[in-house]
Structure formats: C-alpha cells, structure tokens
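For reference, the structure discussed in these notes is given below.
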Protein chains: 2
Amino acid sequence: MSPPRLQDVAARAGVSTATVSRALSGKGHVSSRARARVQQAAHELGFVVSYHASSLASGRSRNIGVVLPYVDRWYFSTVLEGVAGALMEAGYDLSLYNFEGDRYRETVLTDFLLRKRLDAAVAISLHLNPAETQQLLAAGIPVLGVGGPLVGAPTISIDDHDVGRRATEHLIALGHRRIAHLGGAEEFGSHFPMSSDRRAGWEGAMAAAGLAVGPAWSVVSDYTFTDAYQRAKNLLADPADRPTAIFAASDEMAAGAVLAARDLGLTVPGELSVIGVDAHPIGEAFGLTTIDQHAREQGVHAVERLLEHLAGTNHEPVHEVLPAHFVVRSSTGPVPGSAGRS
Amino acid sequence: MSPPRLQDVAARAGVSTATVSRALSGKGHVSSRARARVQQAAHELGFVVSYHASSLASGRSRNIGVVLPYVDRWYFSTVLEGVAGALMEAGYDLSLYNFEGDRYRETVLTDFLLRKRLDAAVAISLHLNPAETQQLLAAGIPVLGVGGPLVGAPTISIDDHDVGRRATEHLIALGHRRIAHLGGAEEFGSHFPMSSDRRAGWEGAMAAAGLAVGPAWSVVSDYTFTDAYQRAKNLLADPADRPTAIFAASDEMAAGAVLAARDLGLTVPGELSVIGVDAHPIGEAFGLTTIDQHAREQGVHAVERLLEHLAGTNHEPVHEVLPAHFVVRSSTGPVPGSAGRS
DNA sequence: CTGAAAGCGCTAACAC
DNA sequence: GTGTTAGCGCTTTCAG
C-alpha cells in the first residue's frame, strides 16, 4: 500500500486538508480540538509530509547547502559538524557540495547550486569571486561565508591578522628573536584566504619588534602534517642558522614541526618553541600551545545567522568577527640560553 | 522577474512541454532538430528544471543520503569524500545525516530519513539493528552499508578479522613474541563494528603461534590520537614487562603509540615496532607501517553499487569484501636483541 | 477558525 | 516523433 497522504489524514480526522496542513505545520490558527484530532489521525496513519510536494507548493525546502573545498581536513570537517548539528536541531536538511580543491568547482556552482532546491547556503572558507556570489544571490539563494571573505555576502570569521600577531608576540615575549613562520601559500588564497593574513600578522609583529624576517623563515606548506614535517626538517637542519621558534598557521603543521624537531634531536620547548592555531585534538598529545578558533562554534553560529536571515529582515552583508583564545601548553617556552621571562 | 519555467522554453522553441521535458532529460525519442531548438531556447532563457516539481512528478529525486556517526574522524570523512565525488559525477545530490555518536540517532532515523526525499542511502560504519534497517527499507529507501554489518541490506567492507591476523603475523614474522593490541571497545561496536574483529584477528594469530596474550596487552582506546598516546604510555611504562610490538587498529592510534614510545625514550622500530591500519596520511611522517583499507575507494564503490541497484534488477543483499594492502615503512622491524629475519 | 479550490512546475501515459 | 492532459501531494489565498 502506498504511504498515507494529507487527504487520508483529513478524512480520518474529519476535517479539510487545509486544516491538517495548518495543524501540522503550526502556521495559522486551528482550534486545539481540531489540532488534537489531526495529530491523532496523523500518528495512527504514520503520516509524514512529502517533502517535494510541500516544497513545490510553498517554495521553501528546509534544506541548506554547505559548500566547501575539502571534507577530509580538520577545519572543514569540524565546521561541518557544527553546521550539521545546528541544522538538525532546527529541522533542516543539509546538502553537501564538495569542490575537492577546484575539481568540481564549476559543476557545483552551475549544475547543482542553481537548481533552486536550497533555501540558503553556507560557504566554508571558500573564495567565491563576486560574479559567482552574484550568481547565487541572483538565483535567490542567500549565502553566508565562514572563515573566508565573500564579496557582497555576510560572513563570519576570526581576525587572522590578529591571530598571527598574537601568536608571534607570545613568542617574542618569551625572548625569541629568531621566529619562523610555517603557513599556506598565497595561491592557496582561493581556499585558505586566512593564510596570507596570518603570515602578514607574523610579519607585522616581527617588524614592530624590529626583528628580521628572512625569506628562508617564511615557509610555505600545504596545511598537512606530513608536508609541514618535511619542511620543518629542512628549516631546522642547519644548527648554525636555525630559528628558535616557529609559528605555524595550523596545529597539524605545528605538530609536524614538533615531530621534525624531535627527529633532529631537538627538545621542545628547550631548543625550539612551536605554536599553532586551531585547538586540533592532536595538539593535546604534543602539548601544543595554540590559539583556539572554535571551529565547531563557527559552524553553529553560521546556521544561527542564516536562519535569522531567512526568518527576518536584516539583509545587510555584515562581516562578523569571532574571538579566538590562547591555549598555552608545553610547546612554547623561554628562548634557549636565557633566563626567560615566564 | 520569476525564473523561466518549462512552459516558457516550450513556447520559445515552438514545441510542447512534453517535448521539452524529453529533450532535456534524454528520456524518450525526440528529433534532433527539436532537441536542438529546445536546448537553444533553454540556454537563452537560462532555464534550470525545478527539482521539487520534477521529483514530485516523477517520484525520483536524484538525491542520496549519507548517514554516519561522525564526520570529523578520518575514516568517515574520507569515505564521505569518495561518496561525494562519485555522486557528483553521477549528477546526484547528497544529503548528510550525522548521528554525532548517538545524539541524533533517533532524530535522523525518524524525522529525517523517512520524509521520502531520498532515492537511497549509504550508512557508513553504522550498526543499524534489523528493525531500523527494515524501517528504511519499508519506506522504500534502499540502504547500502559501508564498513559495518547491516542485517538485510547489501554491504561492502574489508575483512577486519583477516586484517588483524595479517598485521599480527607480520610482527610475529619479525620475531616478536610480546605483541600488544590497541583497539576500540567492544561497546564501540555500534559505531566501529570492525574493532572487535581486528582484535579477534590479533588474538587468533597469537593463539595460532602459541603466544600469550595477557589482558594488560589488550588495550582499549577510542580511536583518537591523544587517547592512544596516553594508553600506550601506560602500556610501555614498565621496562621490565613491556611488549616489543603494538598492533593498533587505526593509524591515528598507531601514531599516538609511536609518539608515546619516543617520549619514553624508546626508539622505533629499534625497541618497539608499531603497525596500524588505514593508510592515514599522518602515517607518512611517522614512517608508519600500515594496512591500507582504501577508504576513499570504499565510498566510490558504494555509490557504484547503489546506482546499479537503483538502475537494475539485482536486489540481493550481497556482502562484498574488498581487499586491503600492506604498506611497509619504517615503524616495524626485527625484535630487539635478535638477528631478525628481514 | 475552517473549507474550497487554485495552483506550485514538471512528468508520463495516452493519443495522434 | 510530438502534443494533450491528468495528476504528483501539499500550501495558501479567499470566502464564509
């Protein structure tokens, strides 16, 4: 037998389909008596509204798209967890669109996102150009950016420049003068727009303290543990000319650097201090000092903003900046051969 | 102005809506001339079919659900990447349902999955009981299980018992006699059903070799780097009575064990051999010997199977076993104080 | 507060 | 090969 329809419920409850719809959706006024009978009937029949019919008739689908460049990287999967949980609480479905770098960028943007089956979308650390953003907005899909700049759309993110500055100043305060940076490439800007900002924050703090920053200490990696491990090993190879501290743009890279140092026989933080960003769980075992950017909360908050937007009136593209917090553990300490200051 | 409808395209191309529908979907026969005009008109108007209308009318939604207990853990996010890519290639949408452990288990199963908006679902390493599986199947949603047993539904997975056996035999062949296991809890069985199988494989191999397996060497962890690090440290603390090798049920745990060993001053593989499972990228920097279970391919293959199922006739619940392969690196070696065999 | 009825935009028989 | 038309199952004016 086919699944029960709204009409079946109406018949059983002895009311019209309109009343059933109102009673079940909570929209419009229904006498509590009618409501009770409807709910009773719906329950007995095991009725579930048809998503497609409901969406077609109402124009809304209670479905939100999440667009991201990777799902198997910590930041993205963590934000995704936050988004998924918040949407679930709100009774929304979540459609996932993974660029896989840039592999499906075109496909997602043209074939998938425009099928008008989304009430809104959140773009995680994605650099959409104005044309792409406009395309979405023109299709009637409000977009919210998380962790990346989105021209013409509201965003939430942390202040990456400030994060870079604070991490660096923490090391400077410990007496370090020779501080290297391990971050993402500029070209990675399309997916990791924060990279250059964190690097700029480091450069700014170094300059403000009158410290030199050679190109050799401005290391470009790809945000993976393994690549960072290798690059840190190269960076630290020469005992005569190596930094005493490293600021890594992510905890995974920071952890890779710690492992590299150990493999070279260097103690952390005795001979090398390392600080990361993220509060990645792996940092705990490494005793990593880091700056927590509350990735999961970013996802939760993104959904709150988006639902407000859908419900409400406030459609200005506000760029909201979320706080990030120090988590000091044991990977940072006074510079070697000093009394230190901590 | 409102978006163009099928009718607008029909008018512009000078044909009926039925022809437009056929021309655009590729179903049914349309003269190439009509097809060309339709495509032309559709393009000029920027027409995109309405997903909801199409789904309502046809009963199919080109949307597949992915149900999993976590998204921020390597195995799950990697399988998810594979599934997402394969679905994208096939032009299917992907709806994500995250249990977050068991937090949303009920909600997902009752509120979300049954809304008849899914053509099918893949359950990643999820232990659905027969009633839950039946509920889905009864709702007309074919389910495929990846990496976990699903009663009454087709599945694909590796042979975890065999993996445990092979990993252990690798260590035994290197001369090890004191081999510990770091795996998941039995109770974790609801999400990591492979845990107990890998452990059983280890026990079996040890027994077959006539080797003792004390309860102290059968360590239960939670599949995280940090927990494994801590437990391995405890396991290795006593120099007088510690294993010479560890078989960990995942690379993350194996890496945690390697770090623990180093923090205790033990060399790997000189004083301790470690082998994991997964081919997690982090294993590279650790030089981890592992068994690759090809997680991404599991996801890709799951989609292939599901689409075949949707297209075809073969509806038997086949349990397919995929191969897993050794990746020998530098974390395993001859037992300490022996000439070794390799 | 409730019912009748007109669609929402497309697909799939069924005719021609 | 192509057009006609009856829905798909629900929401939402508009009356009452």
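Keep in mind that what you see is a predicted model, and the values were worked out from it rather than measured. Note on naming: letters A, B, ... go to the chains in the order of the sequence lines (proteins, then strands), and numbering restarts at 1 for each one.
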Cation-pi check, Arg73(B) onto Phe76(B) ring (under 6.0 Å, within 45° of axis): no
Contact under 4.0 Å: Arg60(B) side-chain N or O vs dA12(C) OP1/OP2: yes
Which side-chain N or O atoms in residues 141-152 of chain A pair as donor and acceptor under 3.5 Å with protein atoms at least two apart or in another chain?
none

Axis bend over the full length of the helix from dC1(C)-dG16(D) to dC16(C)-dG1(D), computed from five pairs that close each end, to 10 degrees: 30°
Strand-adjacent residues in residues 34-41 of chain A, judged by heavy atoms under 4.0 Å from DNA chain D: none
Straight-line distance of Leu113(A) CG to Arg117(A) CZ, nearest 0.5 Å: 10.0 Å
Nearest-0.5 Å distance, OG of residue Ser55(A) to CG of residue Asp119(A): 7.5 Å
Could you go through residues 29-36 of chain A and list every donor-acceptor pair under 3.5 Å that involves a side-chain atom there, pairing it with any protein atom two or more places apart or in another chain?
unit_1	atom_1	unit_2	atom_2	d
Ser31(A)	OG	Ala34(A)	N	3.1
Arg35(A)	NH1	Ala23(A)	O	3.3

Interatomic distance, Tyr97(A) atom OH to Phe112(A) atom CZ [nearest 0.5 angstrom]: 7.0 Å
Range on DNA chain D touched by chain B - first to last nucleotide, heavy-atom distance under 4.0 Å: dG1(D) to dG9(D)
Report, one line per pair, each donor and acceptor closer than 3.5 Å where one atom sits in a side chain of residues 79-87 of chain A; sequence neighbours left out.
unit_1	atom_1	unit_2	atom_2	d
Glu81(A)	OE2	Val71(B)	N	2.9
Glu81(A)	OE2	Asp72(B)	N	3.3

Most 5' of Ser55(A) and Ser31(B) on DNA chain D, judged by nearest nucleotide: Ser31(B)
Side chain to side chain, His52(A) and Ser61(B), heavy atoms closer than 4.5 Å: yes
Between the protein and nucleotides 7-9 of chain C, which nitrogen or oxygen pairs come in under 3.5 angstrom?
unit_1	atom_1	unit_2	atom_2	d
dC8(C)	O2	Ala57(A)	N	3.3
dG9(C)	N2	Ala53(B)	O	3.3

Value rounded to 0.5 Å, distance of CG in Asp93(B) from CG in Asn63(B): 5.5 Å
Using distance only, find each side-chain donor-acceptor pair of residues 41-48 of chain B under 3.5 Å and give its atom names and separation, not counting sequence neighbours.
unit_1	atom_1	unit_2	atom_2	d
Glu44(B)	OE1	Arg12(B)	NE	2.5
Glu44(B)	OE1	Arg12(B)	NH2	2.7
Glu44(B)	OE2	Gln40(B)	NE2	2.4

Non-neighbouring partners of His301(B) that pass ring pair (Phe, Tyr, Trp, His ring centres under 6.0 Å), sequence neighbours left out: none
Nearest-0.5 Å distance, CG of residue Leu322(B) to CD of residue Glu320(B): 5.5 Å
Nucleic acid contacts of residues 18-28 of chain B, taken as heavy-atom distances under 4.0 Å to DNA chain D: Ala18(B), Thr19(B), Arg22(B)
Selection residues 16-28 of chain B - residue pairs positive for side chain to side chain donor-acceptor pair (under 3.5 Å), sequence neighbours left out: Ser16(B)-Thr19(B)
Exam field: side chain Tyr51(B) to backbone Arg62(B), donor-acceptor pair closer than 3.5 Å: yes
Glu89(B): salt bridge (Lys or Arg N to Asp or Glu O under 4.0 Å) partners, not counting sequence neighbours: Arg103(A)
